[in-house]
2 protein chains.
Amino acid sequence: MKKNITISDVAKQAEVSKTTISRYLNGQFGSMSAETKARIAQVISDLNYRPNRQAQALKSKRSYLIGVIVSDISNMYSSLLLKGIGEVLEAAGYQMIIMDAANSVEKEQDLLHKLIDQSVEGIILQPSSRDASRYEFIQSEKIPLLLVDRGIEPLIYPFVTTDNEAATKKMLPYILEKKYQRVVVISEPLADILTREIRYQSIKDMIEAENIHLDLLEVTSETDLQMEINTCLAYPEKTVLFASNGKMLMEVLTILITGNISIPDEIGVTGFDDWNLSALVGPGITSIEQQTQYIGNVTGEQLLSYLDDESKEQEVKVVPAKIQLRDSL
Amino acid sequence: MKKNITISDVAKQAEVSKTTISRYLNGQFGSMSAETKARIAQVISDLNYRPNRQAQALKSKRSYLIGVIVSDISNMYSSLLLKGIGEVLEAAGYQMIIMDAANSVEKEQDLLHKLIDQSVEGIILQPSSRDASRYEFIQSEKIPLLLVDRGIEPLIYPFVTTDNEAATKKMLPYILEKKYQRVVVISEPLADILTREIRYQSIKDMIEAENIHLDLLEVTSETDLQMEINTCLAYPEKTVLFASNGKMLMEVLTILITGNISIPDEIGVTGFDDWNLSALVGPGITSIEQQTQYIGNVTGEQLLSYLDDESKEQEVKVVPAKIQLRDSL
DNA sequence: GTGAAAGCGCTAACAC
DNA sequence: GTGTTAGCGCTTTCAC
């Protein structure tokens, strides 16, 4: 139950003014006698003094806080992304306030406001909506906003993303090589998230040129995925399931594996693997692996650069993904 | 570039005093004319006013912030744990400041101080050390601390944990049934983390009564796990690898699967699966699945109860784990 | 080399 | 029903 000790207590003990203590705390030793400095250091450690962040922030307008909003923290993609971001921001002396939008645009709006209320100095957002108008209000604050993983329309903020098109297209030759005649894209609803649509469009673009059927299966909480996959198994054409993110990939694999369906004999499987787990699953899944943690690093660095240089022009950073060839095609 | 609008601006516009605005903000409408109330509401929305959290916290000593420190945010266990904690705290009007100790006790100490500096109202900690003396200093703050996942010695704080002993012991019959003669526990270093030791001891206790060999393999960054597993494969006795957490389990499985080693024919595998992924891997892994997100829920609820009732006595909440029988034994 | 004083944006006695 | 006032713990001119 110690009473909170403040800068005044330190000043009193050290027999100097609060000003001098404040200077000491902020490294302004410019014209401070070594003796004073030593005395202050001593008192601070004696009293176990720590400056109150809120008071500092209130006065100095510096919070050293960065807000990070992920769309769903239980999605393991977040783990690696946050790790990557944290490594960089931490090293630069910032602290992250991590928040979970839980896939809700309303909640996300609320969280954005809360971050601003906390006087964060910057915001990193994995948006839960593609609609830029939702995020326009942040422009009127002086807080830099950086998007990661998912873009918005129009793209009014800087953005760090996986190279979705290129990665998808690099997958084509392997699908052709195995003579697949039908590709079923399994995705969460395209309309909500731009990245989903980009991935789908990329697949579509590459498939249409060839003489291959393309289906889109949009999975919602109402979807009976088990049944849909059974339908796919019944197709006369040689079919491959293309999961458009790690979560879908795992759901598809769970159904195939627990259903004892042989991959790739009965059906091929590929897709985006956010977690780099697909080596372990089934026969080993040929997949597009994102460098999630590295994306986080880049995101952190980009944000720092915007913090540094307010007039820096907005750019899009594209991080390449890697095709991992295994045995599911 | 809007100038920050403050309570004074609102007061001026609404032609009342700051006090009245403050009362409005804090829901003290007790004796406020409906007319004033409406006018204030109007002005606040006109000006798009939002109170400054730092100032509120500075004055009122309420930050509505809860600090959460995980030992390694890239460990996917964190994802589910944070989700669970967040659901509960959020609903109660608190915000989490999530921090990553990155498996470093020094960093963890630093983060604890930083959380206190931020005036968090409570701290949830997945400790990176078992040594209670590292955490004693928090007792002198008035901030409740709750441990999760890993205990410390002595247990001077309340604690939420998986039922490690019971879960481990429930696994015994299945190991016996398959006539394993040697159990190799694969764990990160026992000395650092109490939970690791408890898991090992539980296995030891249950194995020693039977006539079965028990080995312990402590894995550090220096360990050549591949080679160690080859050694295990060469044992004349029928052997099972018992991974003591999700990370170890995945590392072991990666080696076995990429090495084309047949599970369970050549070697049995089981262990703790933090991520509930083991259904998908190899032949399906018989494992101990933690209810990680639920542990998070319980953790959040416990913290709230300590926030509520400062004199509440410290308790240990044990959440049962589940044995999942599959085909790796 | 150091200090006095004002004030960041808010809350909470206490007054009327 | 509402306002006056005095801070919360800190930073920062400006002065000596």
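All figures in this text were calculated on a predicted structure; none of them were measured in a lab. Below, read A as the first sequence line, B as the second, and so on, with proteins coming before strands; counting in each chain starts at 1.
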Regarding A:Arg53 and B:Asp117, does a basic nitrogen lie under 4.0 Å from an acidic carboxylate oxygen? no
Classify B:Tyr49 by what it touches in the nucleic acid, base, sugar-phosphate, or nothing, heavy-atom distance under 4.0 Å.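 The residue B:Tyr49 makes sugar-phosphate contact but no base contact.
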Listing request: all ring-ring contact (aromatic ring centres under 6.0 Å, His included) pairs with a residue in residues 114-160 of chain B, at least two apart in sequence or in separate chains. B:His113-B:Phe137
Starting from C1' on D:dG7, measure out to CG on A:Asn4 and report it in whole angstrom. 16 Å
Nucleotide range of DNA chain C lying under 4.0 Å from chain B heavy atoms: C:dG9 to C:dC14
Any chance you could measure B:Ile85, atom CD1, to B:Glu87, atom CD, to the nearest 0.5 Å? 10.5 Å
A:Ser79-B:Ser79 side chain donor-acceptor pair, cut-off 3.5 Å: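 Per modelled atom types, A:Ser79 and B:Ser79 side chains form a pair under 3.5 Å.
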Got a sec, which residues hit side-chain contact (heavy atoms from CB on, under 4.5 Å) with A:Ser60, two or more places apart in sequence or on another chain? A:Arg62
B:Ile193 meets the side-chain contact (heavy atoms from CB on, under 4.5 Å) criterion, sequence neighbours left out, with B:Arg150, B:Thr195, B:Arg196
Does the Lys NZ or Arg CZ of B:Lys37 fall within the cation-pi geometry relative to B:Tyr24 - under 6.0 Å from the ring centre and within 45° of the axis? no
Which parts of nucleotides 11-16 of chain D does protein reach within less than 4.0 Å, heavy atoms only, written one letter per nucleotide 5' to 3' as B for base, S for sugar-phosphate only and - for none? BB-B--
Applied to residues 95-105 of chain B, the side-chain hydrogen bond (donor to acceptor under 3.5 Å, both in side chains) test, sequence neighbours excluded, yields A:Lys83-B:Asp100, B:Ser104-B:Glu106
